Protein chains: 2
Amino acid sequence: MNDSFLHNCLFFTANRLSRSITRIAEEQFASTGLSPMYGYLILLVNGIPGITQKELAEKLYVTPSTLTRFIDKLEAKQLVERKVQGKTVLVYPTVKGQGLEDTIRQASRNLHDSYAALLGEEESDQLSQDIKKTSERLEKK
Amino acid sequence: MNDSFLHNCLFFTANRLSRSITRIAEEQFASTGLSPMYGYLILLVNGIPGITQKELAEKLYVTPSTLTRFIDKLEAKQLVERKVQGKTVLVYPTVKGQGLEDTIRQASRNLHDSYAALLGEEESDQLSQDIKKTSERLEKK
DNA sequence: GAATTAATTTTGTATGTACAAACAAAATAG
DNA sequence: CTATTTTGTTTGTACATACAAAATTAATTC
């Protein structure tokens, strides 16, 4: 039987890629004790202390409700801190969260090196770019 | 603050793409009453009656445990049928599942048309190909 | 300035997916 | 032929993520 309908479908291939790269990313981030998404979230908060949840959700392209859940977890681990200000919530780094900065940056580099070794530096960076542009076009309204 | 570390990261961009294309795919598959992954699973079973769960998991690039869950759901809806044979499980179409074949194929075409309209036919097919090849290289051992 | 609308966050609930361990059957080795 | 190993499936549990509805606060309109 012919299953080209799978491999020609962007939904299918994109999800497959997401699963395989996520597996690698989780390996490389194991040293941080965080999954990759949470690692990047901490880098954002460390880099922009007082950023709102809304802004974080926009930068990470997740829904606000998802972001609430993320911050819940990181706050429980004392890696970030909430300050309610009217209807918005400002998110601040903690000392513990700042302490992870270097480890996370290193994991992020290792992740890059790790897939670049399999795909080639040029090629993988190009693909990231292409995928980013594609997402932008798909998200248009 | 500079968040290029996000947009340069294949983990991040791939997951973003996965979320945006999944949103579109779910819209286009709404007419089938199934999410896209389940739709494709039914096409596989209809096309290869008696395919084993192991083979299905391989074709869909999901783990066997995930596949068990998928078949549980489709069996509950009487869209496929299990036949245990020794230690393997053969999966067969049902009349109801076969009845969905055309609807699913149409949804699949609509999905393709829908993202091709935003990305261009050529470009989106090329990207699917590139992503498929990338996954293959990342899954190498 | 009270009433309505809009913006931000949270909560309840659901889904897709994975891993590790358990289980069952088959294959292989002694 | 019994004992061990391998293979295929299932189960328990967990996590990332979403949507819809609720809650809260701010902004706007009359």
Side-chain angles (χ1 to χ4, degrees), chain A residues 11-12 14-27 29-30 33-42 50-77 80-91 135 139, chain B residues 11-12 14-27 29-30 32-41 50-77 80-91 135 139:
Chain A
F11 160 79
F12 183 74
N15 276 289
R16 179 181 172 190
L17 176 62
S18 156
R19 290 194 290 275
S20 46
I21 189 73
T22 296
R23 192 180 35 73
I24 296 175
E26 274 165 359
E27 278 166 33
F29 271 71
L34 296 167
S35 54
M37 197 63 168
Y38 288 83
Y40 286 139
L41 183 35
I42 289 188
I51 188 173
T52 67
Q53 290 194 180
K54 180 168 201 290
E55 288 164 335
L56 283 169
E58 278 162 3
K59 281 182 188 294
L60 294 173
Y61 302 95
V62 297
T63 62
S65 73
T66 298
L67 204 99
T68 292
R69 299 280 147 81
F70 286 177
I71 300 293
D72 286 350
K73 293 231 173 118
L74 290 182
E75 206 179 26
K77 292 187 185 176
V80 303
E81 216 170 19
R82 278 186 168 105
K83 269 180 196 146
V84 177
Q85 187 170 87
K87 73 185 166 190
T88 76
V89 176
L90 311 182
V91 186
S135 301
E139 286 155 12
Chain B
F11 159 80
F12 183 74
N15 276 289
R16 178 180 172 191
L17 176 63
S18 157
R19 289 193 291 275
S20 45
I21 188 72
T22 296
R23 191 178 37 71
I24 295 176
E26 276 165 357
E27 277 166 33
F29 272 71
T32 67
L34 297 167
S35 56
M37 196 64 168
Y38 289 84
Y40 287 139
L41 182 36
I51 188 173
T52 67
Q53 288 193 183
K54 180 166 201 291
E55 288 164 335
L56 283 168
E58 278 161 5
K59 281 182 188 292
L60 295 173
Y61 303 96
V62 298
T63 62
S65 73
T66 297
L67 203 97
T68 292
R69 298 281 146 80
F70 287 177
I71 300 293
D72 286 350
K73 293 230 173 119
L74 289 181
E75 207 178 26
K77 293 188 184 177
V80 303
E81 216 169 19
R82 277 186 169 105
K83 270 180 196 146
V84 177
Q85 186 170 88
K87 74 185 166 191
T88 76
V89 176
L90 310 182
V91 186
S135 301
E139 285 154 13

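The structure presented is a predicted model; accordingly, all values stated were derived computationally and were not measured. Throughout, a chain's letter reflects where its sequence line sits, starting with A, and its residues are numbered from 1.
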Original post:
Would you say C:dG16 has OP1 or OP2 under 4.0 Å from some side-chain N or O of B:Tyr38?
Top reply: yes
**OP:** Specify the separation, in whole Å, of atom CG of A:Asn15 and atom P of C:dA18.
**Re:** 10 Å
Original post:
Which residue lies toward the 5' end of DNA chain C, A:Phe11 or A:Asp72, if each is placed at its nearest nucleotide?
Top reply: A:Asp72
Original post:
Do the side chain of A:Glu75 and the main chain of A:Asp72 share a donor and acceptor less than 3.5 angstrom apart?
Top reply: no
Subject >> Short side-chain N/O contact from A:Thr68 to OP1 or OP2 of C:dT10, under 4.0 Å >> reply: yes
Original post:
Closer than 4.0 Å, any side-chain N/O of A:Arg82 to the OP1 or OP2 of C:dT10?
Top reply: yes
**OP:** Assign B:Thr88 to base, sugar-phosphate, or nothing according to its heavy-atom contacts below 4.0 angstrom with the strands shown.
**Re:** sugar-phosphate
Original post:
What's the closest nucleotide to the B:Thr63 side chain, out of C:dT8, D:dA18, C:dA18?
Top reply: C:dA18
Original post:
Separation of B:Gln85 atom CD from C:dA26 atom P, in whole Å?
Top reply: 9 Å
Subject >> Pair of N/O donor and acceptor under 3.5 Å linking C:dG12 base with A:Arg69 side chain >> reply: yes
Subject >> Short side-chain N/O contact from B:Ser35 to OP1 or OP2 of C:dG16, under 4.0 Å >> reply: yes
**OP:** Just say parallel, tilted or perpendicular for the rings of A:Tyr38 and A:Phe70, cut-offs at 30° and 60°.
**Re:** tilted
Subject >> C:dA26 phosphate, OP1 or OP2, under 4.0 Å from B:Lys87 side-chain N/O >> reply: no
Original post:
Of the candidate nucleotides C:dC19, D:dT9, C:dT9, which contains the atom at the shortest distance from the side chain of B:Val89?
Top reply: D:dT9
Original post:
To the nearest Å, how far apart are B:Glu26 CD and D:dA18 P?
Top reply: 10 Å
**OP:** Answer yes or no: does a side-chain N or O of A:Lys73 lie under 4.0 Å from OP1 or OP2 of D:dA16?
**Re:** yes
Original post:
Rounded to whole angstrom units, what separation is found between the CG atom of A:Leu67 and the C1' atom of D:dC19?
Top reply: 16 Å
Original post:
Looking at A:Arg23 and A:Glu27, does any basic side-chain N land under 4.0 Å from a carboxylate oxygen?
Top reply: yes
Original post:
Got a salt bridge between A:Lys54 and A:Glu58, using NZ or NE/NH1/NH2 to carboxylate O under 4.0 Å?
Top reply: yes
**OP:** Can you tell me the distance, in whole Å, between the CZ atom of A:Arg23 and the C1' atom of C:dG16?
**Re:** 18 Å
Original post:
Counting distance only, does the side-chain N/O of B:Thr22 pair as donor-acceptor with the main-chain N or O of B:Ser18 below 3.5 Å?
Top reply: yes
Original post:
Which whole-number value in Å describes the distance from B:Ile51 CD1 to D:dT9 P?
Top reply: 11 Å
Original post:
Atom CD of A:Glu75 to atom C1' of C:dT10: distance rounded to whole Å?
Top reply: 13 Å
Original post:
B:Arg19 near the nucleic acid: base, sugar-phosphate alone, or nothing, with a heavy-atom cut-off under 4.0 Å?
Top reply: sugar-phosphate
**OP:** Output yes when at least one side-chain N/O atom of B:Ser65 is less than 4.0 Å from OP1 or OP2 of D:dT11, else no.
**Re:** no
**OP:** Indicate whether any N or O donor in one side chain lies under 3.5 Å from an N or O acceptor in the other, for A:Ser65 and A:Thr68.
**Re:** no
Subject >> Gap between atoms CD1 and P, on B:Ile71 and C:dG16 respectively (whole Å) >> reply: 13 Å
